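Just so you know, these numbers come straight off a predicted model, no measurement behind them.
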Amino acid sequence: MCRNIRTLHNFEPHATSEEVHAAALQYVRKISGSTKPSKANEDAFEEAVHEIAHITQHLLDSLVTHAPAKDREEEAVKAKARAAVRFGTA
């Protein structure tokens, strides 16, 4: 999976619409192989991002969990520690 796409489920506070849009954009970029579409494909690209963001938000709103919500700051610290180990900067 693309490292730029982050888990959005079960966080407090809930994922923002900007986070959902960013994940959808990363997904479309990944599967299309393009970070910026040509003029000919721009409308299809933007429509795909919009639709994927919409269905992603629907999915997040529908998911149920009994696990306690994760803390964003705590998860960010863990991610930085993993990156430090991965890139040898620890």
Flag side-chain contact, heavy atom, 4.5 Å: R29 against Q26: yes
Short side-chain to backbone donor-acceptor contact, N10 and P68, under 3.5 Å: yes
Restricting to non-hydrogen atoms, name the atom on A53 and the atom on A24 that form the minimum distance, rounded to 0.1 Å. N-CB, 3.6 Å
One thing to verify: whether R72 and E19 come together as a salt bridge, which I'm taking to mean a side-chain N less than 4.0 angstrom from a carboxylate O. yes
Does any N or O in the side chain of T7 come within less than 3.5 Å of the main-chain N or O of H9, such that one atom is a donor and the other an acceptor? no
Close side-chain approach of H58 to I55, heavy-atom, < 4.5 Å: yes
Hydrophobic cluster of L59, others only, ordered by chain and residue number, side-chain cut-off 4.5 Å: L8, V20, L60, L63
Can you hop from F45 to I31 via hydrophobic side chains spaced under 4.5 Å? yes
Looking at K70, I want to see if its NZ is surrounded by more than 12 non-hydrogen atoms of other residues, nucleotides or ligands under 6.0 Å. yes
With a sphere of 6.0 Å drawn around NE2 of H54, does it hold more than 12 non-hydrogen atoms of other residues, nucleotides or ligands? no
Kindly compute the distance separating CG (N41) from OG (S32), expressed to the nearest 0.5 Å. 8.5 Å
Step-by-step side-chain contact (heavy atoms from CB on, under 4.5 Å) determination, D71 to E12: CA-CA 6 Å; D71 180 89; E12 196 56 51; over 6 Å; no
Determine the sole option in I52, V49, T35 for which the side-chain contact (heavy atoms from CB on, under 4.5 Å) test with L25 is passed. V49
Cationic N near anionic O, under 4.0 Å, E74 to K78: yes
As an exercise, state the distance from CZ of F87 to CZ of R82, rounded to the nearest 0.5 Å. 12.0 Å
Steps toward side-chain contact (heavy atoms from CB on, under 4.5 Å) verdict (H14, D61): CA-CA 10 Å; H14 296 294; D61 292 344; over 6 Å; no
